[in-house]
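Just so we're on the same page: letters track the sequence lines, and every chain starts at 1.
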Protein chains: 2
Amino acid sequence: MIRPEQARISRLKALMKAGGLEAFLVTRREDVRYLCGFTGSAGSLLIGPGQPCLVTDFRYQLQSRKETSGVTVVIQKKDFFSALREVADNLGVDTLWFEESALTVAELKKLQKLGLKPRGARELLRQLRMRKDRRELASIRKAIGRAERSFRELQRYIKPGVRERELGLTLEFLMREKGSRKAAFDTIVASAGNGAMPHATATNRRIKKGDLVTIDFGAEADGYFCDITRTLCVGKPTAKQKEIHGLVLHAQEAAMQSVRPGMSCKSVDDAAREIITAAGHGAHFGHGTGHGIGLMVHEGPSVSPLSNDQVEQDMVFTVEPGVYIPGWGGVRIEDMVLVTARGRKTLTTLPRGLDGIKTY
Amino acid sequence: MIRPEQARISRLKALMKAGGLEAFLVTRREDVRYLCGFTGSAGSLLIGPGQPCLVTDFRYQLQSRKETSGVTVVIQKKDFFSALREVADNLGVDTLWFEESALTVAELKKLQKLGLKPRGARELLRQLRMRKDRRELASIRKAIGRAERSFRELQRYIKPGVRERELGLTLEFLMREKGSRKAAFDTIVASAGNGAMPHATATNRRIKKGDLVTIDFGAEADGYFCDITRTLCVGKPTAKQKEIHGLVLHAQEAAMQSVRPGMSCKSVDDAAREIITAAGHGAHFGHGTGHGIGLMVHEGPSVSPLSNDQVEQDMVFTVEPGVYIPGWGGVRIEDMVLVTARGRKTLTTLPRGLDGIKTY
């Protein structure tokens, strides 16, 4: 059986060959993990002629050999850059291609100082990682399962008097208990007026009867993340709460239904944005409709008005329009979709109604 | 009263003036928070003539105004870079200095494309942030308090049969319960042979009687982190466990005692390394002795054989030598010191013995 990492390296090599790139330096932690399985915090992969070479440090000498196969591991003796220089010499390469968004200017200068010729390439790894393979999908589904089971268990804690921060902590604890190594990001629990801030975190505010509460959360599995948002009403919703929630749900549904391979990601955004704008809330929806997700919570494709990405089979991205009204609050609903051969499949399964899972 | 952020901006402006830098672009999230209090995930600060200008996006339009003062907030209409171009035009600047380790090559190219002249500067923010002011110290002490109280409570869970991962989760939960918004990093719980990996995380392994367990953890307060490691023996330690633990303790003590302003950070590393090397374990201690800590878990100064930093008053850094023996296990002990006018003060207070807090 071919390990998924080997297949990924082959795909990268094919792209390199097509572009005439002899050697490619992979520095982003998630890209390194994607290509060879290494999970350490420091390590770069040089893909050139022959076997890929992982350069890391003493702290990872046992772990790097345990986690990888089909990769030569080099433990730097002094610093990373001199080790890399040696590896490049051994491979007989001096032009090193790299992804421009994955290298800092300081790192670029160090490579140049060593006499290497770093050259910015198209975002090959972004492109590869946008389309998920089978094992990646299994991990994403596992993360979603952990998050959703936790959210269901959270329902009985959502009631008047509880603090936003307590709900966030409880939800993260439930996800960790189910095997998630970490929360995908700082859980957002934004009640009442705080809901008008799309990226609020979770404050000491106590939830009151009649509040809308937006909960944006994600779990992890095998390094992969999920990202889900629900907005609930604690008690009986008002007409306006129902109206705004219904509008966001309608926009989200339209965007999800629109998804099929071959269209632009911008059109998916359009589908949600047109509905919200037509209802007079265009100015209250100032962020993109969604983003790819996998080893990083935010990765390609971008689903926004400025996106140049196309929708392709096997992509996984979020669809999460929202309406945020200063002084009143906000509603966001977020699900994850997988692009299939002719349409899309929604991976997340939690009910999307204002009454949540109806246990309070 | 002058807000600490204003004093920090004044210090930065003085450094800019001394270096002849008219306008400085601050892109690193922690640097932005340090200078103006904004905690969002996206936002850059342009320090030029007149009031500093924070450029961020729709998601943060309420939050940015709430968190900052003395700063002009600009919400980008289209993308970040065109908003920045406008701000620079209004200020009448076109050369933008930046820290080379805080900007990616992709970002550099975008600035150039807009007709701006980005120029790499010395690491001004690294230099400023290395020395902590009063409010920063208070936050660091608060984080340490949360971590240490949690570790004391953890003692009763450390016993044969418990899984590394359960201990890690319990410790993180205890820290969160005490107000820490997140764990400083993925908690390391490395027992027996896993202890030979300095950056192990926490596995499903069950702890056995007689195991050494290395626990490396940190809490947060007001955005500031702490970082502490203890190695305990679950049961009665063997002669070798005592020997290695005693050696690391001796090396750590020597390094901490050596700290005073004016010496090189490399000499602090030397103090620990010489003792470990003299005992024949030099090859088993392959990482640096410590690192600065504050808004980031790893920041300046570097306390390692390759460091060019000097020890200065008001710096806060870790001292954490270790000995890692493949197939046997490892010991690391880590405390945090504050550099005072004539020496140092140890900020962390947990007992460092192999028997921990003696509750099992």
Side-chain angles (χ1 to χ4, degrees), chain A residues 39-42 57-64 66 75-79 98-110 118 120 123 165-166 168-169 172-173 176-177 179 181-183 185-186 193-194 196-202 204 283-287 298 305-306 322 324 326-327, chain B residues 39-42 57-64 66 75-79 98-110 118 120 123 165-166 168-169 172-173 176-177 179 181-183 185-186 193-194 196-202 204 283-287 298 305-306 322 324 326-327:
Chain A
T39 65
S41 66
D57 64 53
F58 169 85
R59 295 171 300 169
Y60 296 111
Q61 63 181 341
L62 296 178
Q63 184 182 331
S64 57
K66 218 164 143 178
I75 302 299
Q76 64 196 53
K77 278 186 214 86
K78 212 178 142 204
D79 63 311
F98 64 91
E99 272 196 27
E100 291 180 347
S101 62
L103 204 75
T104 67
V105 177
E107 290 165 337
L108 176 74
K109 289 205 171 170
K110 279 186 192 153
E123 308 231 288
R165 197 180 273 198
E166 288 165 355
L169 174 54
E172 289 188 26
F173 183 77
R176 290 286 300 269
E177 225 183 22
R181 294 194 79 85
K182 56 177 81 185
F185 46 86
D186 294 356
N194 292 344
M197 293 183 282
H199 265 209
T201 50
N204 280 321
H284 296 143
F285 173 34
H287 59 71
H298 289 97
L306 300 173
Y324 312 92
Chain B
T39 66
S41 66
D57 64 53
F58 169 85
R59 295 171 300 167
Y60 296 112
Q61 63 181 343
L62 295 179
Q63 184 182 330
S64 56
K66 218 163 141 176
I75 302 299
Q76 64 194 53
K77 279 188 215 82
K78 211 179 145 203
D79 63 310
F98 65 89
E99 271 197 26
E100 293 181 344
S101 62
L103 204 76
T104 67
V105 177
E107 290 164 336
L108 176 74
K109 289 204 172 171
K110 279 185 193 154
E123 309 230 290
R165 196 180 274 198
E166 288 164 355
L169 175 53
E172 289 188 25
F173 183 76
R176 289 287 299 270
E177 226 184 18
R181 292 195 80 86
K182 55 176 81 184
F185 47 86
D186 295 355
N194 292 343
M197 293 183 283
H199 265 209
T201 50
N204 280 321
H284 297 142
F285 173 34
H287 60 72
H298 289 97
L306 299 174
Y324 312 92

_Structural part of A/L169 lying under 4.5 Å from a heavy atom of chain B_ = both
*Pick from B/E172, B/E166, B/E99: which one has the most heavy-atom pairs with chain A under 4.5 Å?*
B/E172
*asked:* Taking every non-hydrogen pair under 4.5 Å, which of A/A202, A/S41, A/A102, A/G120 racks up the most with chain B?
replied: A/A202
*Over all heavy atoms of both residues, which pair between A/G40 and A/Q63 is shortest? Give the atoms and the distance, please.*
N-NE2, 3.7 Å
*What are the two closest heavy atoms between A/F173 and B/F173, and how far apart are they?*
CD1-CD1, 3.2 Å
*Considering only heavy atoms and a distance below 4.5 Å, find which of A/K78, A/R59, A/E107 pairs most often with chain B.*
A/R59
*Between chain B and each of A/T39, A/D186, A/L108, A/I75, count heavy-atom pairs under 4.5 Å; write down the option with the most.*
A/D186
*Pairwise distance OG(A/S64) to CE(B/M197) - rounded to 0.5 angstrom*: 10.5 Å
*Apply ring pair (Phe, Tyr, Trp, His ring centres under 6.0 Å) to A/Y60 and list each qualifying residue two or more places apart in sequence or on a separate chain.*
A/F38, B/H199
_Quick check: closest heavy atoms across B/Y324 and B/H287, and the distance to 0.1 Å?_
OH-NE2, 2.6 Å
*asked:* Please rank B/D57, B/N194, B/T201 by heavy-atom pairs under 4.5 Å with chain A and give me the top one.
replied: B/T201
*Contact class of A/A42 relative to chain B, heavy atoms under 4.5 angstrom*: neither
_Minimal non-hydrogen separation, B/P198 against B/A196, with atom names_ = CD-O, 3.3 Å
*asked:* Does any backbone or side-chain atom of B/L103 lie under 4.5 Å from a heavy atom of chain A? Answer side chain, backbone, both or neither.
replied: both
*Mind checking what makes side-chain hydrogen bond (donor to acceptor under 3.5 Å, both in side chains) contact with B/R165, not counting sequence neighbours?*
none
*With only heavy atoms counted, which part of B/F98 is less than 4.5 Å from chain A, the side chain, the backbone, both or neither?*
side chain
*Report the option among A/K182, A/Q61, A/K66, A/E123 that has the most heavy-atom pairs separated by less than 4.5 Å from atoms of chain B.*
A/K182
_Within the structure provided, determine whether A/T104 and B/V105 are in side-chain contact (heavy-atom separation under 4.5 Å)._
no
*Please state whether the side chain, the backbone, both or neither of B/H298 comes within less than 4.5 Å of a heavy atom of chain A.*
neither
